[in-house]
Amino acid sequence: MSKPPFLKSAGQTAFQDSMVTKFGDVLLPWDGQEGVKGFGLMGLPLSKTSISHSGASFAPESVRSVFKNMATYAVEQDIDLAAVPWTDLGDVQMHLTDMNESHNRIASTMNDVMTSNPELIPILIGGDHSVTASAFSGLSQALRKKAGIIQLDAHHDLRNVEDGGPSNGTPFRRLIETLNLDPRHLVQIGIRNFANSQEYSAYAREKGVTVFTMREIREKGIRTIGRQAYQKLAKEVEFIYVSVDMDVLDQAYAPGCPAILPGGMHPEDLFSALVYLGSQSLTKAIDLVEIDPKLDSRDQTSRMAVMAFLSFVLGKQLG
Ligand code: CA
(Lines give C-alpha, C1' and ligand atoms only; values in the text may rest on other atoms or scores of the structure.)
Protein backbone atom coordinates (compact mmCIF):
# COMPACT_ATOMS: atom_id res chain seq x y z
CA MET A 1 0.00 0.00 0.00
CA SER A 2 1.37 3.50 -0.89
CA LYS A 3 1.55 6.36 1.62
CA PRO A 4 -1.87 7.91 2.45
CA PRO A 5 -2.34 11.24 0.55
CA PHE A 6 -2.87 13.45 3.62
CA LEU A 7 0.11 12.11 5.55
CA LYS A 8 2.82 14.74 5.16
CA SER A 9 6.50 13.99 5.68
CA ALA A 10 8.24 15.29 8.77
CA GLY A 11 9.72 18.74 8.09
CA GLN A 12 7.31 19.50 5.25
CA THR A 13 5.47 22.82 5.63
CA ALA A 14 2.10 22.54 7.34
CA PHE A 15 0.10 23.45 4.25
CA GLN A 16 1.28 23.42 0.67
CA ASP A 17 -0.70 25.38 -1.92
CA SER A 18 0.13 24.09 -5.39
CA MET A 19 -0.64 27.55 -6.88
CA VAL A 20 1.98 29.41 -4.84
CA THR A 21 5.58 29.15 -6.01
CA LYS A 22 8.19 29.89 -3.35
CA PHE A 23 11.85 30.69 -3.85
CA GLY A 24 12.66 27.36 -2.21
CA ASP A 25 11.03 25.70 -5.25
CA VAL A 26 13.26 27.50 -7.79
CA LEU A 27 16.58 27.95 -5.94
CA LEU A 28 18.89 25.23 -7.24
CA PRO A 29 22.22 24.27 -5.64
CA TRP A 30 25.21 24.95 -7.92
CA ASP A 31 26.52 21.75 -9.49
CA GLY A 32 29.88 23.37 -10.34
CA GLN A 33 29.12 23.67 -14.06
CA GLU A 34 30.49 26.80 -15.76
CA GLY A 35 28.50 29.49 -17.55
CA VAL A 36 25.69 29.84 -15.00
CA LYS A 37 23.49 32.89 -15.62
CA GLY A 38 20.92 34.71 -13.51
CA PHE A 39 21.34 35.32 -9.78
CA GLY A 40 23.69 33.43 -7.50
CA LEU A 41 23.25 33.47 -3.73
CA MET A 42 26.47 33.06 -1.73
CA GLY A 43 27.00 33.18 2.04
CA LEU A 44 30.09 34.84 3.57
CA PRO A 45 29.68 33.78 7.21
CA LEU A 46 32.49 35.77 8.83
CA SER A 47 31.94 37.93 11.92
CA LYS A 48 35.03 37.33 14.04
CA THR A 49 36.32 40.48 12.30
CA SER A 50 33.58 42.62 13.88
CA ILE A 51 34.64 45.43 16.25
CA SER A 52 31.71 44.67 18.55
CA HIS A 53 30.47 41.17 19.34
CA SER A 54 28.50 39.91 16.33
CA GLY A 55 26.66 36.77 15.30
CA ALA A 56 26.49 37.93 11.66
CA SER A 57 28.10 34.64 10.64
CA PHE A 58 24.65 33.09 11.25
CA ALA A 59 22.97 35.40 8.71
CA PRO A 60 23.35 33.26 5.54
CA GLU A 61 21.36 30.54 7.29
CA SER A 62 18.56 32.85 8.53
CA VAL A 63 18.38 34.80 5.24
CA ARG A 64 18.12 31.56 3.24
CA SER A 65 15.33 30.22 5.46
CA VAL A 66 13.30 33.45 5.08
CA PHE A 67 14.01 33.64 1.34
CA LYS A 68 13.04 30.05 0.60
CA ASN A 69 9.63 30.56 2.20
CA MET A 70 8.72 33.73 0.31
CA ALA A 71 6.45 33.72 -2.76
CA THR A 72 8.14 34.53 -6.07
CA TYR A 73 5.41 36.78 -7.47
CA ALA A 74 5.72 40.60 -7.33
CA VAL A 75 2.15 41.83 -7.58
CA GLU A 76 3.03 45.54 -7.94
CA GLN A 77 5.00 44.90 -11.15
CA ASP A 78 3.11 41.75 -12.21
CA ILE A 79 6.45 39.91 -12.51
CA ASP A 80 7.09 36.38 -11.29
CA LEU A 81 10.74 36.01 -10.27
CA ALA A 82 10.39 32.21 -10.57
CA ALA A 83 11.08 32.81 -14.27
CA VAL A 84 14.66 34.02 -13.69
CA PRO A 85 17.43 31.48 -12.98
CA TRP A 86 18.36 31.22 -9.29
CA THR A 87 21.40 29.33 -8.07
CA ASP A 88 22.52 28.73 -4.51
CA LEU A 89 26.31 28.82 -4.73
CA GLY A 90 26.70 27.84 -1.06
CA ASP A 91 28.84 29.43 1.65
CA VAL A 92 32.57 30.17 1.72
CA GLN A 93 34.09 28.03 4.45
CA MET A 94 35.98 30.28 6.87
CA HIS A 95 39.15 29.49 8.80
CA LEU A 96 38.36 29.12 12.49
CA THR A 97 41.08 31.42 13.80
CA ASP A 98 42.95 33.09 10.92
CA MET A 99 40.90 36.09 9.76
CA ASN A 100 43.30 37.05 6.96
CA GLU A 101 43.02 33.51 5.61
CA SER A 102 39.20 33.85 5.71
CA HIS A 103 39.41 37.10 3.74
CA ASN A 104 41.73 35.43 1.22
CA ARG A 105 39.24 32.58 0.82
CA ILE A 106 36.41 35.05 0.10
CA ALA A 107 38.51 36.86 -2.54
CA SER A 108 39.76 33.69 -4.24
CA THR A 109 36.29 32.09 -4.24
CA MET A 110 34.74 35.20 -5.79
CA ASN A 111 37.52 35.28 -8.37
CA ASP A 112 37.01 31.58 -9.25
CA VAL A 113 33.19 31.76 -9.36
CA MET A 114 33.09 34.92 -11.48
CA THR A 115 35.86 33.76 -13.82
CA SER A 116 33.88 30.64 -14.69
CA ASN A 117 30.48 32.41 -14.59
CA PRO A 118 31.08 35.98 -15.80
CA GLU A 119 27.40 36.67 -16.49
CA LEU A 120 26.24 35.63 -13.03
CA ILE A 121 24.99 38.40 -10.74
CA PRO A 122 26.15 37.51 -7.22
CA ILE A 123 23.96 38.22 -4.20
CA LEU A 124 26.33 37.99 -1.24
CA ILE A 125 25.11 37.54 2.32
CA GLY A 126 27.59 38.52 5.07
CA GLY A 127 29.00 38.32 7.50
CA ASP A 128 30.12 41.61 8.93
CA HIS A 129 31.11 44.47 6.61
CA SER A 130 34.77 43.39 6.43
CA VAL A 131 33.74 40.79 3.82
CA THR A 132 33.00 43.51 1.24
CA ALA A 133 36.65 44.43 0.68
CA SER A 134 37.60 40.82 -0.11
CA ALA A 135 34.50 40.06 -2.18
CA PHE A 136 34.88 43.22 -4.25
CA SER A 137 38.57 42.61 -4.81
CA GLY A 138 37.95 39.00 -5.98
CA LEU A 139 35.16 40.14 -8.28
CA SER A 140 37.31 42.92 -9.76
CA GLN A 141 40.16 40.49 -10.44
CA ALA A 142 37.77 38.18 -12.30
CA LEU A 143 35.99 40.81 -14.38
CA ARG A 144 39.11 42.94 -15.07
CA LYS A 145 37.05 46.09 -15.47
CA LYS A 146 37.24 49.50 -13.87
CA ALA A 147 34.94 49.23 -10.87
CA GLY A 148 33.04 51.47 -8.48
CA ILE A 149 31.03 50.93 -5.30
CA ILE A 150 27.76 52.38 -4.06
CA GLN A 151 27.65 51.80 -0.29
CA LEU A 152 24.42 52.21 1.67
CA ASP A 153 25.49 52.53 5.29
CA ALA A 154 25.14 54.60 8.48
CA HIS A 155 28.94 54.61 8.78
CA HIS A 156 31.91 55.57 6.59
CA ASP A 157 33.80 52.36 7.47
CA LEU A 158 37.01 54.28 6.77
CA ARG A 159 38.88 53.47 9.97
CA ASN A 160 42.63 53.09 9.79
CA VAL A 161 43.46 49.44 8.96
CA GLU A 162 46.69 49.63 10.99
CA ASP A 163 44.77 50.31 14.22
CA GLY A 164 43.09 46.92 14.45
CA GLY A 165 43.52 44.99 11.24
CA PRO A 166 40.91 44.39 8.54
CA SER A 167 37.73 44.66 10.64
CA ASN A 168 34.15 45.71 9.81
CA GLY A 169 35.24 49.33 10.46
CA THR A 170 37.85 49.38 7.71
CA PRO A 171 36.64 47.72 4.47
CA PHE A 172 36.52 50.84 2.29
CA ARG A 173 39.82 52.23 3.58
CA ARG A 174 41.38 48.82 2.95
CA LEU A 175 40.02 48.90 -0.60
CA ILE A 176 41.37 52.42 -1.16
CA GLU A 177 44.79 51.94 0.42
CA THR A 178 45.68 48.35 -0.44
CA LEU A 179 43.26 46.97 -3.03
CA ASN A 180 43.38 49.67 -5.74
CA LEU A 181 39.91 51.20 -5.40
CA ASP A 182 40.03 54.78 -6.66
CA PRO A 183 38.32 56.71 -3.80
CA ARG A 184 36.56 58.87 -6.40
CA HIS A 185 34.77 55.67 -7.42
CA LEU A 186 33.20 55.18 -3.98
CA VAL A 187 29.78 56.71 -3.19
CA GLN A 188 28.39 56.46 0.34
CA ILE A 189 24.65 56.93 0.96
CA GLY A 190 22.92 57.22 4.35
CA ILE A 191 25.83 58.38 6.51
CA ARG A 192 24.34 59.48 9.82
CA ASN A 193 24.90 61.88 12.71
CA PHE A 194 26.52 60.60 15.90
CA ALA A 195 27.73 57.40 14.26
CA ASN A 196 31.05 58.60 12.75
CA SER A 197 34.12 60.54 13.74
CA GLN A 198 35.12 63.86 12.17
CA GLU A 199 38.49 62.40 11.21
CA TYR A 200 36.95 59.79 8.90
CA SER A 201 34.60 62.33 7.30
CA ALA A 202 37.66 64.50 6.64
CA TYR A 203 39.47 61.49 5.15
CA ALA A 204 36.48 60.87 2.83
CA ARG A 205 36.51 64.52 1.72
CA GLU A 206 40.28 64.65 1.16
CA LYS A 207 40.27 61.47 -0.91
CA GLY A 208 37.29 62.50 -3.04
CA VAL A 209 34.76 59.94 -1.77
CA THR A 210 31.21 61.10 -2.57
CA VAL A 211 29.08 61.17 0.61
CA PHE A 212 25.31 61.62 0.86
CA THR A 213 24.09 62.00 4.45
CA MET A 214 20.67 61.05 5.82
CA ARG A 215 19.81 64.75 5.85
CA GLU A 216 20.35 65.00 2.10
CA ILE A 217 18.13 61.94 1.59
CA ARG A 218 15.37 63.55 3.68
CA GLU A 219 15.69 66.89 1.86
CA LYS A 220 16.17 65.74 -1.75
CA GLY A 221 14.52 62.32 -1.71
CA ILE A 222 16.13 58.94 -2.29
CA ARG A 223 15.30 58.86 -6.01
CA THR A 224 17.35 62.01 -6.65
CA ILE A 225 20.23 60.78 -4.51
CA GLY A 226 20.22 57.31 -6.10
CA ARG A 227 20.29 58.81 -9.58
CA GLN A 228 23.11 61.22 -8.67
CA ALA A 229 25.13 58.36 -7.16
CA TYR A 230 24.73 56.13 -10.19
CA GLN A 231 25.31 58.85 -12.77
CA LYS A 232 28.47 60.01 -11.01
CA LEU A 233 29.98 56.51 -11.26
CA ALA A 234 28.53 55.57 -14.64
CA LYS A 235 30.69 58.23 -16.31
CA GLU A 236 33.87 56.76 -14.87
CA VAL A 237 33.60 52.99 -14.29
CA GLU A 238 32.61 49.83 -16.18
CA PHE A 239 30.80 48.01 -13.38
CA ILE A 240 29.27 48.91 -10.04
CA TYR A 241 29.13 46.82 -6.86
CA VAL A 242 26.33 47.71 -4.44
CA SER A 243 27.05 47.15 -0.74
CA VAL A 244 24.15 47.32 1.70
CA ASP A 245 24.91 47.55 5.42
CA MET A 246 21.50 46.85 6.95
CA ASP A 247 22.24 49.46 9.65
CA VAL A 248 21.52 52.11 7.01
CA LEU A 249 17.92 51.47 8.08
CA ASP A 250 16.47 53.14 11.14
CA GLN A 251 16.85 50.97 14.23
CA ALA A 252 13.05 50.54 14.30
CA TYR A 253 13.28 48.44 11.14
CA ALA A 254 16.56 46.59 11.61
CA PRO A 255 16.89 45.51 15.25
CA GLY A 256 19.23 42.68 14.26
CA CYS A 257 22.17 44.95 13.39
CA PRO A 258 25.02 45.23 15.92
CA ALA A 259 25.25 49.05 15.45
CA ILE A 260 21.66 50.30 15.58
CA LEU A 261 20.70 53.98 15.81
CA PRO A 262 17.61 56.14 15.19
CA GLY A 263 17.42 58.62 12.32
CA GLY A 264 18.06 56.07 9.58
CA MET A 265 16.44 55.18 6.31
CA HIS A 266 12.87 53.99 5.90
CA PRO A 267 12.63 50.52 4.29
CA GLU A 268 10.64 51.89 1.34
CA ASP A 269 13.50 54.29 0.56
CA LEU A 270 16.01 51.44 0.63
CA PHE A 271 13.85 49.24 -1.60
CA SER A 272 13.15 52.11 -3.99
CA ALA A 273 16.89 52.92 -4.25
CA LEU A 274 17.67 49.27 -4.97
CA VAL A 275 14.96 48.89 -7.63
CA TYR A 276 16.48 51.92 -9.36
CA LEU A 277 20.10 50.72 -8.99
CA GLY A 278 19.10 47.22 -10.13
CA SER A 279 17.46 48.65 -13.24
CA GLN A 280 20.75 50.24 -14.33
CA SER A 281 23.03 48.23 -16.60
CA LEU A 282 26.37 48.69 -14.77
CA THR A 283 25.27 47.27 -11.38
CA LYS A 284 26.60 43.70 -11.42
CA ALA A 285 26.71 42.57 -7.78
CA ILE A 286 25.13 43.25 -4.40
CA ASP A 287 26.03 42.36 -0.84
CA LEU A 288 23.95 42.58 2.36
CA VAL A 289 25.90 42.66 5.59
CA GLU A 290 25.75 43.22 9.37
CA ILE A 291 22.67 41.10 10.11
CA ASP A 292 23.01 39.37 13.48
CA PRO A 293 20.15 36.85 13.77
CA LYS A 294 20.95 36.38 17.47
CA LEU A 295 19.94 40.01 18.15
CA ASP A 296 17.01 40.01 15.76
CA SER A 297 13.31 39.80 16.44
CA ARG A 298 11.35 37.23 14.40
CA ASP A 299 13.99 37.38 11.61
CA GLN A 300 12.88 40.95 10.91
CA THR A 301 16.30 42.12 9.71
CA SER A 302 16.89 38.98 7.60
CA ARG A 303 13.48 39.61 6.01
CA MET A 304 14.48 43.22 5.28
CA ALA A 305 17.67 41.96 3.61
CA VAL A 306 15.67 39.58 1.41
CA MET A 307 13.25 42.37 0.43
CA ALA A 308 16.29 44.54 -0.32
CA PHE A 309 17.96 42.09 -2.71
CA LEU A 310 14.62 41.17 -4.30
CA SER A 311 14.13 44.90 -5.02
CA PHE A 312 17.50 44.88 -6.80
CA VAL A 313 16.51 41.75 -8.76
CA LEU A 314 13.14 43.32 -9.66
CA GLY A 315 15.01 46.36 -10.94
CA LYS A 316 17.07 44.08 -13.21
CA GLN A 317 13.80 42.79 -14.76
CA LEU A 318 12.61 46.37 -15.35
CA GLY A 319 15.91 47.74 -16.72
CA1 CA B 1 29.28 49.35 7.58
Side-chain angles (χ1 to χ4, degrees), residues 44-57 59-60 63 99 102-103 106 124-137 148-161 163-177 179 181 183 186-197 199-201 203-204 207 209-214 217 229 241-251 253-265 267 269-270 273-274 277 285-293 295-296 301-302 304-305 308-309:
L44 308 176
L46 178 67
S47 54
K48 287 177 179 170
T49 32
S50 178
I51 292 171
S52 56
H53 176 76
S54 170
S57 56
V63 168
M99 294 183 266
S102 294
H103 280 140
I106 294 170
L124 306 168
I125 312 297
D128 67 45
H129 218 156
S130 75
V131 301
T132 298
S134 305
F136 176 82
S137 120
I149 300 182
I150 295 178
Q151 172 197 356
L152 294 118
D153 201 329
H155 309 92
H156 288 299
D157 289 358
L158 290 169
R159 288 178 192 237
N160 189 349
V161 183
D163 285 341
S167 71
N168 65 339
T170 64
F172 300 96
R173 182 126 169 196
R174 193 175 148 224
L175 278 167
I176 290 166
E177 294 185 354
L179 295 168
L181 174 69
L186 173 61
V187 179
Q188 303 188 315
I189 300 176
I191 305 300
R192 199 176 312 172
N193 267 4
F194 311 119
N196 296 280
S197 85
E199 188 190 339
Y200 303 132
S201 280
Y203 177 88
K207 294 287 179 183
V209 174
T210 303
V211 176
F212 295 107
T213 63
M214 275 312 302
I217 294 168
Y241 179 111
V242 180
S243 182
V244 183
D245 186 324
M246 294 306 292
D247 72 22
V248 76
L249 290 172
D250 189 278
Q251 66 174 18
Y253 305 110
C257 291
I260 56 170
L261 205 67
M265 208 180 271
D269 280 347
L270 177 62
L274 291 172
L277 291 175
I286 184 168
D287 72 27
L288 304 109
V289 298
E290 297 288 339
I291 306 149
D292 181 348
L295 296 174
D296 211 1
T301 311
S302 293
M304 284 289 178
F309 74 67

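Just so it is clear, the values below take in all heavy atoms, side chains as well, and ignore hydrogens, waters and symmetry mates. Residue indices begin at 1 and follow the sequence shown. Counting starts at 1 for both ligands and their atoms, following the listed order. What you see is a predicted model; the values in this text were computed from it and never measured.
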Out of His129, Arg159, His155, Glu290, which one pairs with Asn168 under the side-chain hydrogen bond (donor to acceptor under 3.5 Å, both in side chains) rule?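 For Asn168, the side-chain hydrogen bond (donor to acceptor under 3.5 Å, both in side chains) check succeeds only for Glu290.
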Please name the pair of heavy atoms, one in Val211 and one in Ala204, separated by the smallest distance, quoted to 0.1 Å.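 It is CG2-CB, 4.1 Å.
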Can you name the N/O/S atom of Asp157 that is nearest the Ca ion (ligand 1)?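 It is OD2, the N, O or S atom of Asp157 closest to the Ca ion (ligand 1).
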Atom nearest to the Ca ion (ligand 1) - Asp153, N, O or S atoms considered: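 Sorting the N, O and S atoms of Asp153 by distance to the Ca ion (ligand 1) puts OD2 first.
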Going by the side chain to side chain contact (heavy atoms under 4.5 Å, CB included) test, name the single residue among Ser47, Ser302, Pro60, Cys257 that passes it with Ile291. Ser302
Angle, ND1 of His129 through the Ca ion (ligand 1) to OD2 of Asp245 - 10° precision: 90°
Treating Arg173 as the side-chain partner and Asp157 as the backbone partner, does any N or O pair qualify as donor plus acceptor under 3.5 Å? no
